[in-house]
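Before any comments, here is the structure.
Since we're looking at a predicted model, the values are computed, not measured.
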Amino acid sequence: MKLPVEENPLYLQRVAKLGEIRSRGTDPYPRKFDYTHSLPQLVAEMGSLDSAALEQRQDQAVRACGRIVAMRGFGKACFLQLAEGGARLQVYVKKDQVPAEDFELLGMLDVGDFIGVDGPLFRTKTQELTVLVKKMTLLSKGLLPLPEKWHGLTDVELRYRQRYLDLVVNPEVRNTFVVRSRVIQELRRFLDARRYIEVETPMMHPIAGGATARPFKTFHNALGMPFFLRIAPELYLKRLIVGGLERVYEINRNFRNEGVSTQHNPEFTMLEFYQAYSDFRDLMALTEEMLTGLAETITGSRTVSYCGHTISFDSWRRFRLKEAICHFWDEKCGTAPVEEDLADAGKLERLLRSCRIEPPKDSSAGQLLGLLFETVVEEHLIQPTFIFDYPVELSPLSKKCPDDPSTVERFELYIGGFEIANAYSELNDPMDQFARFEEQVRSRGRGDDEAHEMDEDYVRALAYGMPPTAGEGIGIDRLVMILTDSRSIRDVILFPHLRPEQGRSTEAAEPVEEKPHA
RNA sequence: GGGCCGUUAGCUCAAUUGGCAGAGCAACUGACUCUUAAUCAGUAGGUUGGAGGUUCGAUUCCUCCACGGCUCACCA
């Protein structure tokens with residue numbers, strides 16, 4: 001294989017060093033290294049010992065390893081900084097303390113190489129914990145230079161494309177993904193402790209349902225049929241409720257064939273959970289408990305800083321959707337409406353126009369209401385806020401409010417100005433569900449290609465009986481954004497989708513049609 | 001998809017009105033056995049994202065293309 005970088009002089013220099021190392025009989029890529037301590041372990045266990053205490057245990061050498069991230073040479077001595085496990089430790093190689101061949105090897109090392117060291121710990125005169133190296137082993141030779149140590153890697157395109165470099169050079173990036181892992185771990189723990197079981201449902205769906213979104217299409221050759229990558233696991237999870245798994249959750253990817261932005265990635269991670277014998281108000285309480293505890297466990301505080309705002313998980317607010325529009329109305333757009341105005345399509349259109357939004361044609365009152373909400377309210381919802389009582393047109397899978405059939409028992413949770421969670425009392429009346437699907441199909445016929453398709457098996461499942469159930473989806477990526485103060489969803493996804501680099505596009509660059517070929 | 005902005009050495013960034021393409025770090029050579037972005041002296045490193053155009057002359061002005069960022073639309 002021809003590396004694309006082989007004309008790079010820095011690369012060629014290192015290849016020359018590699019040859020020199022081999023010619024001396026040293027394997028630059030040995031098998032393993034048995035270390036006595038990870039670097040975080042050393043820092044934790046020895047970080048508080050003073051010089052005298054370290055002197056006492058001087059005959060107890062440690063074996064540690066890591067990537068060289070800094071080298072400072074002094075002719076007959078050299079300080080190196082190793083990075084491993086998210087920690088860094090200094091090691092000191094002195095000519096009169098190591099075998100001659102080890103000191104010669106030092107001259108062939110570069111920042112980026114991996115080494116292992118043996119030796120006692122001591123403190124330098126500036127009190128830095130340091131390994132006094134008695135034996136040094138090359139563990140892996142790097143051939144390309146790492147980005148600069150001081151400014152790090154800031155070009156976002158390179159950071160996303162070559163995330164491995166971003167992780168090596170920018171420690172806060174590593175932390176973001178450690179936090180992400182802990183968030184998921186904590187959510188599992190929270191739900192497991194409440195008698196939930198974790199399940200895995202199909203990612204390939206014959207009918208893309210459970211959300212309003214355009215799906216990705218693929219094709220199964222042997223079955224000779226198209227599939228959609230799932231846009232939501234919802235309909236499968238509720239089938240499990242029908243089957244008697246009263247509390248289920250799933251954490252996995254959804255795929256939506258929509259635009260990308262700082263808040264949208266084509267594949268994103270969602271926690272969905274369903275709890276029988278409960279309604280959406282129970283989930284509001286559960287969500288409050290879950291996320292407050294999560295913030296506290298992850299960040300050590302109920303207050304987090306996000307994009308210059310201070311978000312407090314002690315001040316949860318609740319507004320009905322119409323109430324929120326009246327409450328957050330900007331007087332610059334005219335006199336604030338009263339809730340009664342928000343039921344009439346004509347009045348809603350006038351209100352939208354006064355906000356300089358041209359209402360789309362053929363929209364129902366519910367759709368206009370949703371649009372008005374996004375326009376007027378969304379940006380104000382920095383503190384954790386539940387918005388509830390949604391129009392039925394926007395919620396084909398939710399149960400209607402008993403006293404108002406135009407409204408459903410549904411809430412969305414907003415934090416930091418965007419939607420984090422969406423929950424409702426699940427519609428379990430099979431005949432009502434069938435009618436709502438029919439309405440969606442009519443809507444599709446009018447050109448709304450995000451409207452639901454009819455899912456007959458799902459209706460059949462409901463017809464066998466589903467207990468009253470509440471369900472919720474929480475966007476994990478966005479939640480992690482809030483907890484790590486990340487402005488873009490790409491900063492919490494290890495490999496966000498980008499176009500291929502120029503000249504390196506894949507063979508599958510042309511659009512894949514779902515036509516079968518034998 | 002639309003609008004705006006960006007792309008210069010391995011990395012981070014300069015370059016006046018269109019006039020020899022530069023610095024810091026990294027690298028290389030040398031000095032240096034407690035440094036912390038080590039220091040000092042020296043050396044090398046470029047098809048200025050790509051293709052055209054205007055011009056005596058283009059990193060700079062124009063057109064097209066590629067990729068990215070922000071934003072709007074769509075959505076979660």
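- Comparing the same atom, P, in B/rU36 and in B/rU29 gives a spacing of 23 Å after rounding to whole Å.
- Note that A/R163 lies outside the cation-pi zone of A/F495, set by a 6.0 Å cut-off to the ring centre and a 45° limit from the axis.
- Within 4.0 Å (heavy atoms only), A/Q97 reaches no atom of the nucleic acid at all.
- B/rA44 sits 11 Å from B/rA23 when the P atoms are compared, rounded to a whole Å.
- Taking every side-chain heavy atom of A/I489 into account, B/rA76 is the closest of B/rU33, B/rU12, B/rA76.
- Between B/rU33, B/rU12, B/rG68, one nucleotide has an atom nearer to the side chain of A/E157 than all others, and that is B/rG68.
- Under the stacking definition used here (centres under 5.5 Å, planes under 30°), the residue A/F418 fails to qualify as stacked on the base of B/rA76.
- Residue A/G473 is out of contact with every strand shown, counting any heavy-atom pair closer than 4.0 Å.
- Residue A/D96 is classed as a base contact, given a heavy-atom separation below 4.0 Å to a base.
- The nucleotide whose nearest atom lies closest to any side-chain atom of A/R214 is, among B/rG10, B/rC74, B/rC34, B/rC74.
- Taking atom CZ of A/R159 as the reference point, atom P of B/rG6 lies 21 Å away to the nearest angstrom.
- Taking atom P in both B/rA58 and B/rA26, the straight-line distance is 36 Å, to the nearest Å.
- Nucleotides B/rG24 and B/rU71 place their P atoms 36 Å apart, quoted to the nearest Å.
- Inspection of the A/D491 and A/Y160 side chains reveals an N or O donor paired with an N or O acceptor under 3.5 Å.
- Among the nucleotides B/rG68, B/rC70, B/rU33, the one closest to the side chain of A/R490 is B/rC70.
- Among the heavy atoms of the strands, none lies under 4.0 Å from A/R487.
- Applying the 5.5 angstrom centroid cut-off and the 30 degree plane-angle cut-off, the aromatic ring of A/F79 is stacked upon the base of B/rU35.
- Rounded to an integer number of Å, the gap from A/L146 CG to B/rU12 C1' is 15 Å.
- Among the heavy atoms of the strands lying under 4.0 Å from A/R499 are primed sugar atoms or P, OP1, OP2 only; no base atom is included.
- Side-chain atoms of A/T469 and A/E426 form no donor-acceptor pair, as typed in the model, at a separation below 3.5 Å.
- Using a 4.5 Å heavy-atom threshold, the side chains of A/F386 and A/E288 count as touching.
- Using a 3.5 Å distance cut-off with no hydrogens or angles, the side chains of A/Y390 and A/E412 do pair a donor with an acceptor.
- As a whole-Å value, the separation of A/L132 CG from B/rU35 C1' is 14 Å.
- Phosphate proximity of B/rA76 to A/T212: present, with a side-chain N or O under 4.0 Å from OP1 or OP2.
- Taking atom P in both B/rG49 and B/rC13, the straight-line distance is 15 Å, to the nearest Å.
- Heavy atoms of A/F255 sit nowhere under 4.0 angstrom from any nucleic acid atom.
- For A/T154 and B/rU12, the shortest distance from a side-chain N or O to OP1 or OP2 is below 4.0 Å.
- No donor-acceptor contact under 3.5 angstrom links the side chains of A/R410 and A/S398, judged on distance only.
- The side chain of A/N8 approaches B/rG10 more closely than any other nucleotide in the set B/rG69, B/rA76, B/rG10.
- When the C1' atom is compared between B/rG69 and B/rU16, the two are found 28 Å apart, to the nearest whole Å.
- OP1 or OP2 of B/rC28 lies within a sub-4.0 Å distance of a side-chain N or O belonging to A/K17.
- Side-chain proximity of A/L153 to the nucleotides B/rG68, B/rU35, B/rU12 is greatest for B/rU12.
- Taking atom CD on A/E472 and atom C1' on B/rA76, their separation rounds to 13 Å, with Å as the unit.
- A straight line from CZ of A/R123 to P of B/rU36 spans 17 Å, rounded to a whole angstrom.
- Counting any heavy atom pair closer than 4.0 Å across all strands shown, A/E128 reaches a base atom.
- Backbone-only contact: A/L158 has heavy atoms under 4.0 Å from sugar-phosphate atoms and none from a base.
- Note on A/N257: nothing from the nucleic acid sits closer than 4.0 angstrom, heavy atoms only.
- Here the side chain of A/K149 is nearest to one of B/rA26, B/rU35, B/rG69, namely B/rA26.
- For A/R72, the side-chain atoms get nearest to B/rA38 when compared with the rest of B/rC13, B/rA38, B/rC11.
- Residues A/F280 and A/D389 are in side-chain contact: their nearest non-hydrogen atoms beyond the backbone lie under 4.5 Å apart.
- When the nucleotides B/rG10, B/rA76, B/rU35 are ranked by their closest atom to the side chain of A/L10, B/rG10 comes out on top.
- No side-chain donor from either of A/R67 and A/Q81 sits under 3.5 Å from a side-chain acceptor of the other.
- For the P atoms, the distance linking B/rA9 with B/rU33 amounts to 37 Å, nearest Å.
- For A/Q60, the CD atom is densely surrounded, since the number of other residues' heavy atoms within 6.0 Å is greater than 12.
- Comparing B/rG50 with B/rU59, their C1' atoms sit 15 Å apart, to the nearest whole Å.
- Here the side chain of A/K125 is nearest to one of B/rA38, B/rC34, B/rA76, namely B/rC34.
- As judged by a 4.0 angstrom heavy-atom cut-off over every strand, A/Q81 is placed among residues making no nucleic acid contact.
- Residue whose closest nucleotide on RNA chain B sits further toward the 5' end, between A/N422 and A/S261: A/S261.
- Put simply, CD on A/Q367 is 12 Å from P on B/rC74, counting in whole angstrom units.
- Distance, A/M71 CE to B/rU39 C1': 17 Å, rounded to whole Å.
- Across all strands shown, A/G259 has heavy atoms under 4.0 Å from base atoms, whether or not it also approaches the sugar-phosphate.
- Distance A/L80 CG to B/rA38 P: 11 Å, rounded to the nearest Å.
- Evaluation of atom-type donor-acceptor distances gives no pair under 3.5 Å for the side chain of A/T262 against the base of B/rU71.
- When the nearest nucleotides of RNA chain B are assigned to A/A211 and A/I357 by heavy-atom distance, the more 5′-ward of the two goes with A/I357.
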